[in-house]
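What follows is one structure encoded as structure tokens, with my remarks underneath.
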Amino acid sequence: MSEFRSALRNPWWIPPILGGVPDVEPRLISLLGLVALALFFEQYDNSMLTAALKHIAADLEMPEKDLGSFLAMVKLGAVPAFLIVPFADRIGRRRVFLAGVLLFSLGTLATAFTQTALQFVLAQTVTRTFMLTASAVAFVIVTEEFPALHRGWAIGMLGALAACGNGLGAALFAAVDVLPYGWRALYVIGLVPLFLAPLLRRRVPETHRFRHHRAAALAQGDDAGVLAGWYRPLLDLARRYPGRALAIALVGGLMAVGESAVFQFTAYFVLTVHGWSPGEFALMFIIGGAVGIIGNIVAGRIGDRVGRRAVGFTFLALFPLFAWTFYHGPGWMLPIAWSLFVFCNTAGGVVVRAFSTELFPTSYRGTSAAWLSLVQTLGWALGLALVSLVGGEIAAATSWISTVVLVAAVALLGLPETYQQELEAISRDPDDPAVAPTPSLP
């Protein structure tokens with residue numbers, strides 16, 4: 001693939017800090033950029049709930065003791081994504097991805113006009129559903145299109161580029177006290193993906209693997225309608241891969257419990273306990289976060305060379321240590337600890353994402369991504385609810401809850417290794433019409 005090297009010196013939208021581009025086809029780099037652009041704004045919206053929490057709570061009269069419960073309800077709003085994403089295994093990845101992007105953009109805009117805590121929760125509930133829909137399918141698209149040698153890099157780069165949306169959110173949050181309408185203006189900006197929809201519709205094609213799978217399925221007489229057959233991947237996933245599905249649930253769910261408690265209250269903690277200004281938090285978020293998101297790339301590249309399990313275990317096991325340092329260490333340690341636990345979280349997340357899509361066949365790869373999203377959603381909600389149930393100071397509660405990530409790290413070692421193997425070899429299933437080798441696959 002040396003013919004690709006000169007054309008693929010980093011495009012302008014991949015910062016040098018994220019490393020170089022491997023030797024893959026230019027069309028794949030273009031696809032990665034387009035999918036990442038959509039998820040950039042998905043992460044932007046997600047960051048608002050963390051950065052602007054203090055302002056939202058004050059404006060909508062949310063008592064501090066109920067914040068965990070309110071946020072848990074918002075996170076649970078993504079549960080319906082588990083029922084939507086399997087449509088990607090029936091009608092295609094592209095259609096579901098585009099619909100998710102359009103609808104989470106509209107939901108973000110609607111959030112800006114909410115007037116009560118209940119309205120805010122309902123708007124964010126719907127938005128969260130389609131945010132996770134778009135995100136889950138995006139990782140499936142990248143997993144299916146990139147070659148085995150660089151699949152981990154692609155998954156990591158998608159995560160890193162998307163995470164940059166958090167940086168934009170933090171930068172704009174620094175001006176929250178001077179923006180017209182305050183935190184509401186930040187949510188209006190989330191409408192941008194709506195204007196990107198025509199570009200995404202033209203430039204994001206259906207994946208080779210899904211086209212091949214669907215053609216093979218139709219040739220064998222599988223012509224069930226969308227509504228009649230959308231549930232079939234859910235049943236097949238549970239029947240054919242119960243062990244893998246349960247292991248993914250354990251790892252992803254426990255990781256979500258710990259990370260949600262730690263991340264959600266970072267801005268609230270530094271603004272209220274340490275007396276920081278929004279600008280100071282934004283500076284830490286952007287600079288420390290820039291270091292932290294490199295974990296996506298590090299985990300992806302190392303995972304492509306030495307294996308997913310060792311990389312995932314190492315970074316997940318370190319996460320609680322740095323979370324404890326953030327909430328209990330001296331003030332000067334806050335930016336350092338922030339960078340380190342973001343790094344560990346993003347690195348571990350790349351590995352979990354990779355396993356959730358690599359371990360299953362094309363016929364229900366979208367469903368497996370939805371399964372991970374469901375257990376993560378439940379874990380996020382449980383982690384936030386535990387903050388309220390544990391009670392006491394937020395710092396103590398979040399630190400103790402973060403230790404469950406250690407259990408996730410150990411559970412991850414029980415998954416089969418997937419690096420440097422083509423997807424068909426990892427998930428070979430004689431009953432799946434898509435497993436036959438085909439020259440059209442990348």
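The analysis underlying the following values was restricted to heavy atoms, covering all of them including side chains, and did not include hydrogens, waters or symmetry mates.
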When the ring centroid of W338 is compared with that of F341, is the distance short of 6.0 Å? yes
Any side-chain to backbone donor/acceptor pair from D45 onto G190? Under 3.5 Å, distance only. no
Run the ring-centre check on F315 versus F343 and record whether the distance is less than 6.0 Å. yes
Which heavy atom in G307 sits nearest to a heavy atom in Y419, and how many Å separate them? CA-CD2, 3.4 Å
Quick one: does any side-chain atom of T357 pair with a main-chain N or O of R353 as donor and acceptor, under 3.5 Å? yes
Could you tell me the separation between the CG atom of L374 and the OG1 atom of T367, rounded to the nearest 0.5 Å? 12.0 Å
Is a donor on one side and an acceptor on the other found under 3.5 Å between the side chain of S368 and the backbone of S356? yes
Any side-chain heavy atom of P205 within less than 4.5 Å of one from L31? yes
If the condition is salt bridge (charged side-chain N to carboxylate O under 4.0 Å, His left out), which residues does E417 pass it with, not counting sequence neighbours? R309
Can you tell me if W276 has over 12 outside heavy atoms packed within less than 6.0 Å of its CH2? yes
State, with a plain yes or no, whether a side-chain heavy atom of L102 is found less than 4.5 Å away from one of F130. no
Tell me whether T314 contacts the main-chain N or O of A310 through its side chain, where contact means a donor paired with an acceptor under 3.5 Å. yes
Closest approach of P15 to L161 (non-hydrogen atoms, all atoms of both residues): CD-CD2, 4.3 Å
Regarding E259 and W380, do their side chains bring together a donor and an acceptor under 3.5 Å, going by distance alone? yes
Do any N or O atoms from the side chain of R94 and from the backbone of R201 form a donor-acceptor pair under 3.5 angstrom? yes
Working for side-chain hydrogen bond (donor to acceptor under 3.5 Å, both in side chains), residues D89 and H213: CA-CA 9 Å; D89 290 330; H213 157 70; over 6 Å; no
Distance only, no hydrogens: is a donor on one side chain within 3.5 Å (strictly under) of an acceptor on the other, for H150 and D23? no
Any side-chain heavy-atom pair of R128 and N46 under 4.5 Å: yes
R93 to F210 six-membered ring, cation-pi geometry met (6.0 Å, 45°): no
Rounded to the nearest 0.5 Å, how far apart are CG of L196 and OG of S105? 8.5 Å
Is atom CZ of R95 surrounded by more than 12 heavy atoms (other residues, nucleotides or ligands) closer than 6.0 Å? no
CD1-CG distance between I189 and L109, expressed to the nearest 0.5 angstrom: 11.5 Å
Does the side chain of R203 come under 3.5 Å of the side chain of S30 through a donor N or O and an acceptor N or O? yes
Suppose we screen for side chain to side chain contact (heavy atoms under 4.5 Å, CB included). Which residues come up paired with I293, at least two apart in sequence or across chains? A163, C164, N296
Check: G288 main-chain N/O paired with S339 side-chain donor or acceptor under 3.5 Å: yes
Would you check if the side chain of R90 reaches a backbone N or O of P86 as a donor-acceptor pair within less than 3.5 Å? no
Can you tell me how far the CZ atom of R151 sits from the CG atom of L149, to the nearest 0.5 Å? 9.0 Å
Does the pair F120 and L49 meet the rule for a side-chain contact (heavy atoms from CB on, under 4.5 Å), with working shown? CA-CA 11 Å; F120 180 87; L49 195 57; 3.6 Å; yes
Are any of the side-chain nitrogens in E145 or R27 under 4.0 Å away from the carboxylate oxygens of its partner? yes
I'd like to know if the side chain of T325 reaches the main chain of L321, judged simply by a donor and an acceptor atom lying under 3.5 Å from each other, with no hydrogens or angles considered. yes
Return the orientation label for the F146 and W153 ring planes: parallel under 30°, perpendicular over 60°, tilted otherwise. tilted
Taking all heavy atoms of A370 and all of F82, pick out the closest pair and write down the distance. O-CD1, 3.5 Å
Looking at G348 and L316, what are the two nearest heavy atoms and their distance? CA-CD2, 3.8 Å
Check: T116 and L60 side chains under 4.5 Å, non-hydrogen atoms: no
Sidechain-backbone polar pair: S373 side chain, A369 backbone, donor-acceptor under 3.5 Å: yes
Residues two or more places apart in sequence or in another chain: which of them pass salt bridge (charged side-chain N to carboxylate O under 4.0 Å, His left out) with D59? R184
For a quick test of reading the model, state the closest non-hydrogen atom pair linking F97 to A38 and the distance between them. CZ-CB, 3.7 Å
When you measure from the side chain of T125 to the backbone N and O of V121, does any donor-acceptor pair fall under 3.5 Å? yes
Which one of V270, V273, T272, I394 satisfies the side chain to side chain contact (heavy atoms under 4.5 Å, CB included) criterion with F265? I394
Run the side-chain hydrogen bond (donor to acceptor under 3.5 Å, both in side chains) check on T207 and E144 step by step: do they pass? CA-CA 7 Å; T207 69; E144 291 189 337; 2.7 Å; yes
Could you please spell out the steps behind the side-chain contact (heavy atoms from CB on, under 4.5 Å) verdict for F113 and Y187? CA-CA 9 Å; F113 295 95; Y187 277 95; over 6 Å; no
Smallest separation among heavy atoms of T418 and I426, with atom names: O-CD1, 3.5 Å
Out of curiosity, W13 CH2 to L18 CG, how far, rounded to the nearest 0.5 Å? 10.5 Å
Between the side chains of T362 and R365, is a donor N or O closer than 3.5 angstrom to an acceptor N or O? yes
